[in-house]
Amino acid sequence: MDHHDIEVRGIRIKVAYSFGARLVGLLGRRALAPDEGLLLAPCSNIHTLFMRFTIDVVFLDSEGLILAIHRDVKPWRVRAARRAYACLELAGGGALRGGLAVDQRLARLASHRLAVAP
């Protein structure tokens, strides 16, 4: 299975399990719904080359701690975070709508699985 769907804080998140799924990411999409996201794991950097829309990029460690949030990343950009284990890509403004903040624990990400932290 390349993808698995989960929901965290009202955001439907597709988890990209395989290398191929992570490589393709959001390429080819015209948009991302406001309540939709893609989790890439493992992943410590992303690019928005060839993308058609702006995204929020949330980097997490393996324990689900939010390390960095890059808001409204436009097409043709690159973003990275040291110590990141995963990257959550959201529609532009999604981090704010989801109430996400740096140093907040979103979820445990060990073994590419996402289990919502209490």
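Numbers here are sequence positions counted from 1. As the structure is a prediction and not an experimental result, all values here were calculated from the model.
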> Is there side-chain contact between L88 and L38, with heavy atoms separated by less than 4.5 Å?
Replying inline: no
> How would you list, by chain and number, every residue that makes a salt bridge (Lys or Arg N to Asp or Glu O under 4.0 Å) with R83, sequence neighbours excluded?
Replying inline: none
> Quick one: side-chain contact (heavy atoms from CB on, under 4.5 Å) partners of S44, sequence neighbours excluded?
Replying inline: A84
>> The criterion is side-chain contact (heavy atoms from CB on, under 4.5 Å); which residues satisfy it with D35, sequence neighbours excluded?
In response: R12, A33
> What is the minimum heavy-atom distance between D72 and G92, and which atoms define it?
Replying inline: OD1-CA, 3.7 Å
> Is a side-chain N or O of R105 found less than 3.5 angstrom from the main chain of E63, in a donor-acceptor match?
Replying inline: yes
> Under the 4.5 Å side-chain heavy-atom rule for ILVMFWY, direct or indirect, which residues accompany L23?
Replying inline: F19
> Can you list every salt bridge (charged side-chain N to carboxylate O under 4.0 Å, His left out) pair that touches residues 45-57, not counting sequence neighbours?
Replying inline: none
> What about I55 and L27, same hydrophobic cluster or not, with Ile/Leu/Val/Met/Phe/Trp/Tyr joined at side-chain heavy-atom distances under 4.5 Å?
Replying inline: yes
> Are the side chain of S62 and the backbone N or O of Y85 linked by a donor-acceptor pair below 3.5 Å?
Replying inline: no
> Where the side chain of S18 meets the backbone of A21, is there a donor-acceptor pair that is under 3.5 Å apart?
Replying inline: yes
> Residues two or more places apart in sequence or in another chain: which of them pass side chain to side chain donor-acceptor pair (under 3.5 Å) with R29?
Replying inline: E36
> Hey, are the side chains of K74 and T48 touching, using non-hydrogen atoms and a 4.5 Å cut-off?
Replying inline: no
> What pairs meet the ring-ring contact (aromatic ring centres under 6.0 Å, His included) rule with one or both residues in residues 27-58, with sequence neighbours excluded?
Replying inline: F50-W76
